[in-house]
Amino acid sequence: MNIAVIGLGVLGAAIARSLSLAGAQVTVFERTAPLAGTSNTSFAWVNSHSKNPRPYHDLNVAGMAEHDVLAASPGRCAPWLTLGGNIEWAADPAGTERLAASVRELEERDYPVEWIGPSQARDLVPDLLVPDGVRDIAHYPTEGHLIPALLVARLWGEARENGAELRCPAEVVSVSETGDGVRITLSDGEVATADAVVFAAGRWTEALTTTTGHRVAMADPDVAGSATVGLLGYTAALPTRLDAVLTTPALNVRPDGGGRLVVQGLDLDADADPANPPAVDGHHAQELCRRLNDLLAGTSGAVLESFRVGQRSMPGDGLTAAGFLGETGRVYVLATHSGVTLGPLLGRLAASEVLGGGAAPELRDFRPDRLVGRDSLPPLEKVRFAGQQ
């Protein structure tokens, strides 16, 4: 079976791998470069935190387990993934109440979480500077972070080894069904054909699915200050000890390899504007570095090497969309804000469905039909506090 995949981020690489391992002939069309979209502007936190409703939580837990399976593959290393846990605390009574409620909910779901004190937190992260007055800290031992480029390297490398081909740059402008497959038109006028197509196009999903006659409603990724945009700072190498994720009231932090860190201040996202990226040495960058110095020893003099406006790929209701468009079984879409956590799992489940393996029960509540043609979805709630994204 000849399958076309549109997009080579985490989702595109994951489904290309699973399809090629199953024997399909796979061609990936990438408009500019691998990782050029949302996958390269992700906080990349592997978790099932505040993922509601319950089926969405369960899907993300399964996504976490899929990373473990992939990392344990015989003869393969897993440099993309570090399960160093996550540490979180609150700064005021309202935040404390909110965090306690979140922990109770996760405990009821048998999700690994425990309360620890400042000394235990410093045992886990030796350079952690816990503010005075903080006593109760939530620790999520099975969570972690990954390096998106290394995950894509693993997934796409195996896809390529199994015969998958990459067309890049190759911008797809329309997809239409034919009597026996799909017709894919590129921006230069070239036309390609395939037996089926999988959209893994991130924030370009709505525009591309519109060309099929089955428009999947996505949250607008270009609206300044909205739920779909956020600021991510990438530091120069620092002599600080951190292998966990920190989601704190003032700053979220994760390692990014080579001593570099990714930093995020959720309150600053109100100023995120894709049309006006912030300066790497401007006010917002300096504020993030100041907060980092307050949080971790060894970060004095921190500067940002890169400061990016992340544009989240979010289906219109904030949940994952995975399934066929229409009744022919030739057009499949994958779109999610949780691509880092869900990528390998969605790739495996979607590949099975595309190749006729039957409906995956894990995806029953996430079919894209609920979003096709929708015009009046309520605005998504902005990420406002640690642990919410």
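The structure presented is a predicted model; accordingly, all values stated were derived computationally and were not measured.
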N/O donor-acceptor pair under 3.5 Å between Asn162 side chain and Glu158 backbone: yes

Compute whether any side-chain donor of one residue and acceptor of the other, for [X] and [Y], lie under 3.5 angstrom apart.
{"X": "Thr228", "Y": "Gln311", "answer": "no"}
{"X": "Gln286", "Y": "Asp281", "answer": "no"}
{"X": "Arg104", "Y": "Ser102", "answer": "no"}
{"X": "His214", "Y": "Thr209", "answer": "no"}
{"X": "Thr320", "Y": "Thr336", "answer": "yes"}

Min side-chain heavy-atom separation [X]-[Y] under 4.5 Å:
{"X": "Leu319", "Y": "Pro53", "value": "yes"}
{"X": "Tyr56", "Y": "Ser338", "value": "yes"}
{"X": "Leu186", "Y": "Glu171", "value": "no"}
{"X": "Asp256", "Y": "Leu261", "value": "no"}
{"X": "Leu295", "Y": "Leu246", "value": "yes"}
{"X": "Thr96", "Y": "Arg98", "value": "no"}
{"X": "Asp58", "Y": "Pro55", "value": "no"}
{"X": "Glu88", "Y": "Ile137", "value": "no"}

Hphob cluster co-occupancy, [X] + [Y], side-chain heavy atoms under 4.5 angstrom:
{"X": "Leu70", "Y": "Val340", "value": "yes"}
{"X": "Val26", "Y": "Val172", "value": "no"}
{"X": "Ile116", "Y": "Val103", "value": "no"}

Taking atom [atom1] of [X] as the centre, report whether more than 12 heavy atoms of other residues, nucleotides or ligands fall under 6.0 Å from it.
{"X": "Arg183", "atom1": "CZ", "answer": "no"}
{"X": "Glu165", "atom1": "CD", "answer": "no"}
{"X": "Glu97", "atom1": "CD", "answer": "no"}

Kindly compute the distance separating [atom1] ([X]) from [atom2] ([Y]), expressed to the nearest 0.5 Å.
{"X": "Glu108", "Y": "Arg54", "atom1": "CD", "atom2": "CZ", "answer": "9.5 Å"}
{"X": "Met218", "Y": "Glu206", "atom1": "CE", "atom2": "CD", "answer": "8.0 Å"}
{"X": "Ile6", "Y": "Leu11", "atom1": "CD1", "atom2": "CG", "answer": "13.5 Å"}

Run the side chain to side chain contact (heavy atoms under 4.5 Å, CB included) test on Val253 and Leu242 for me, step by step, so that the C-alpha distance in whole Å, both residues' side-chain angles and the decisive distance to 0.1 Å come before the verdict. CA-CA 9 Å; Val253 187; Leu242 178 68; 3.7 Å; yes

So, are [X] and [Y] salt-bridged, with charged N and O less than 4.0 Å apart?
{"X": "Glu161", "Y": "Arg17", "result": "no"}
{"X": "Asp375", "Y": "Arg215", "result": "yes"}
{"X": "Arg374", "Y": "Asp369", "result": "no"}
{"X": "Glu66", "Y": "Arg348", "result": "yes"}

Could you pull out the closest heavy-atom pair between [X] and [Y], with the gap in Å?
{"X": "Gly84", "Y": "Ala244", "answer": "O-CB, 3.4 Å"}
{"X": "Ala196", "Y": "Gly329", "answer": "CB-O, 4.5 Å"}
{"X": "Glu353", "Y": "Leu363", "answer": "OE1-CD1, 3.9 Å"}
{"X": "Arg312", "Y": "Thr38", "answer": "CA-CG2, 4.2 Å"}
{"X": "Arg330", "Y": "Val182", "answer": "O-CG1, 3.8 Å"}
{"X": "Arg370", "Y": "Asp317", "answer": "NE-OD2, 2.6 Å"}

Do Phe307 and His284 have their ring centres less than 6.0 Å from each other? no

Classify the angle between the aromatic ring planes of Tyr332 and Phe324 as parallel (below 30°), tilted (30 to 60°) or perpendicular (above 60°). perpendicular

Checking Arg260 against Tyr234: charged group under 6.0 Å from the ring centre and within 45 degrees of the axis? no

Just do the side chain to side chain contact (heavy atoms under 4.5 Å, CB included) check on Val372 and Leu325 with the steps written out, would you? CA-CA 8 Å; Val372 172; Leu325 299 178; 4.1 Å; yes

What side-chain donor-acceptor pairs closer than 3.5 Å can you find for residues 142-150, not counting sequence neighbours?
unit_1 : atom_1 : unit_2 : atom_2 : d
Glu143 : OE1    : Trp45  : NE1    : 3.1
Glu143 : OE1    : Asn86  : ND2    : 3.2
Glu143 : OE2    : Tyr111 : OH     : 2.6

Determine whether Val191 and Ile184 satisfy the following criterion, side chain to side chain contact (heavy atoms under 4.5 Å, CB included), listing intermediate values before the conclusion. CA-CA 6 Å; Val191 173; Ile184 301 158; over 6 Å; no

